[in-house]
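Sequence positions, counted from 1, serve as the residue numbers for this chain.
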Amino acid sequence: MIKFFRHIRQQLLTENRFSKYLLYAIGEIVLVVLGILIALSVNNWNQENNDRRAGEDYLFRIHRDLVQDTINFRRIIHNNNHLREDIKQLLVTLYDGVDSIEEAQYMSAIYDKALDQVFSPNDNTYKGMISSGALGLIKNPELKEEIVDLYSEYDQKRALLSAIGAWMVNVATNETNETDFIKFNRSVADIFTTQEMLNENDYSFLNNKEDPGFKIFVRAISATAFNQKASNTYYLELISRCEAVLKLIDEELK
């Protein structure tokens, strides 16, 4: 094709037909420009198509993460509701009087579960988008704003639960330093192999409501109940936000 155009150009020059050669040259330039514009248009279309697919893929992954989060949050709330009933029963047992090592170990098991409140959402997809600058692939501005706001709320709840967790560590540390209740923890109870090592004297403070250790233990249990209640409140708020964003994503991906 190039040889063909070159042949025409040389023939026109040889025949001294300059005006036609000029028109031909202009036409050739126009063809080249049109070719470039078409190539750029195709390239832009391909890029836009790739960006659209990448954006949809990120939305699918965020959708998957949020569905899993709502499942996990509901499970935590369910477990916390059962835990609250266990805490109530623990206090009933405490105020009725602890009669055996087994009862003290049962109370310790409930106490340990109440201390376990860790916020661990599925936010790796969003973090990856932020670090790679891919957030712009979500073209719907309303949806993008809602997603950013949701994960910002995740960070706020993480900070709140972390602060409560740090407070709980201080409460638990004080209880451990001031009483022998740690001896009834299942993780260490097996090392006390004789009655001298572990006996009713180790939990006697639980049967004396005026004992400082008793009051410290009641405060520690009350703190775990506060922790559980606050966690449930935060998770309910996040479930509501997650469901709203999931609805927007569903509409976007229709």
Side-chain angles (χ1 to χ4, degrees), residues 62-124 126 146 149-176 179 181-182 184-189 203 206 209 214-247 250:
I62 289 177
H63 190 281
R64 176 200 61 199
D65 291 348
L66 295 184
V67 168
Q68 189 59 53
D69 279 344
T70 56
I71 292 172
N72 292 341
F73 295 163
R74 286 192 172 94
R75 175 181 52 79
I76 292 171
I77 291 171
H78 175 78
N79 291 341
N80 277 343
N81 288 337
H82 282 283
L83 177 61
R84 197 167 190 84
E85 296 304 313
D86 288 339
I87 292 173
K88 291 177 183 178
Q89 186 56 49
L90 182 155
L91 289 173
V92 169
T93 300
L94 176 64
Y95 279 87
D96 282 348
V98 181
D99 299 324
S100 66
I101 290 175
E102 288 72 23
E103 279 191 336
Q105 289 175 334
Y106 162 75
M107 295 167 66
S108 177
I110 295 174
Y111 181 56
D112 286 347
K113 285 196 299 182
L115 289 173
D116 186 19
Q117 296 284 342
V118 179
F119 182 66
S120 183
N122 295 284
D123 55 1
N124 287 336
Y126 179 74
E146 288 296 324
D149 287 347
L150 172 60
Y151 283 102
S152 176
E153 189 165 349
Y154 270 28
D155 290 338
Q156 294 173 17
K157 294 296 190 286
R158 181 184 284 108
L160 288 169
L161 289 170
S162 178
I164 294 174
W167 171 63
M168 287 299 306
V169 168
N170 290 332
V171 170
T173 300
N174 185 50
E175 180 271 321
T176 300
T179 74
F181 193 65
I182 185 64
F184 300 99
N185 187 288
R186 291 177 180 176
S187 298
V188 299
Y203 63 78
L206 295 174
K209 296 180 179 61
F214 178 91
K215 296 178 180 180
I216 289 173
F217 184 71
V218 170
R219 284 198 295 269
I221 293 299
S222 300
T224 62
F226 172 83
N227 187 19
Q228 169 267 323
K229 195 72 171 181
S231 296
N232 275 12
T233 299
Y234 296 151
Y235 286 124
L236 284 170
E237 292 173 356
L238 288 177
I239 287 172
S240 178
R241 290 298 307 277
C242 285
E243 289 178 339
V245 172
L246 283 170
K247 184 177 179 180
D250 284 337

Exercise. Applying salt bridge (charged side-chain N to carboxylate O under 4.0 Å, His left out), run through Glu153 and Lys157 and close with a yes or a no.
Key: CA-CA 6 Å; Glu153 189 165 349; Lys157 294 296 190 286; 3.1 Å; yes
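Using a 4.0 Å cut-off between charged nitrogen and carboxylate oxygen, Glu237 and Arg241 do not count as a salt-bridge pair.
Contact annotation: the side chain of Val245 never approaches that of Tyr151 to less than 4.5 Å [non-hydrogen atoms, C-beta and beyond]. Taking 4.5 Å as the limit, every side-chain heavy atom of Val98 sits out of range of all side-chain heavy atoms of Phe184. Asp250 has its side chain within reach of His63: a pair of non-hydrogen atoms, C-beta onward, lies under 4.5 Å apart. No side-chain heavy atom of Tyr234 sits under 4.5 Å from any side-chain heavy atom of Phe73. The shortest distance between side-chain heavy atoms of Asn80 and Ser231 falls below 4.5 Å. Considering only heavy atoms from C-beta on, Ile221 stays 4.5 Å or farther from Leu94 through its side chain. In this structure the side chain of Phe217 reaches within 4.5 angstrom of the side chain of Met107, judged on heavy atoms.
Side chain of Ser222 to backbone of Val218: a donor-acceptor contact under 3.5 angstrom is found. Using modelled atom types, one side-chain atom of Thr233 and one backbone atom of Lys229 make a donor-acceptor pair closer than 3.5 Å.
The CZ atom of Phe181 sits 6.0 Å away from the CG atom of Leu206 when rounded to the nearest 0.5 Å. Note that the CD1 atom of Ile76 and the CG atom of Leu83 stand 12.0 Å from one another [nearest 0.5 Å]. With rounding to the nearest 0.5 Å, the separation of CZ in Arg219 from CG in Asn174 is 7.0 Å. Note: Leu236 CG to Arg74 CZ = 9.0 Å, rounded to the nearest 0.5 Å. With values rounded to the nearest 0.5 angstrom, Leu150 atom CG is found 10.0 Å from Asp123 atom CG. With values rounded to the nearest 0.5 angstrom, Gln228 atom CD is found 5.5 Å from Ile87 atom CD1.
Closest heavy-atom contact between Glu103 and Gly97: OE1-O, 3.7 Å. When every heavy atom of Asn227 is checked against every heavy atom of Ala114, the shortest pair comes out as ND2-O, 3.9 Å. In plain terms, the two heavy atoms of Val188 and Ile182 that are nearest each other are CG2-O, 3.1 Å.
Judged as a side chain to side chain donor-acceptor pair (under 3.5 Å), and not counting sequence neighbours, the contacts of Asp155 are Arg158.
More than 12 heavy atoms of other residues, nucleotides or ligands sit less than 6.0 Å from atom NZ of Lys209.
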Show me the donor-acceptor pairs within less than 3.5 Å that the side chains of residues 164-173 make with the rest of the protein, sequence neighbours left out.
from: Thr173; atom 1: OG1; to: Val169; atom 2: O; distance (Å): 2.7

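Between His78 and His82, the angle of the ring planes goes over 60°, which puts this pair in the perpendicular group of the 30/60° scheme.
A donor and an acceptor atom, one from each side chain of Tyr154 and Asp69, are located under 3.5 Å apart.
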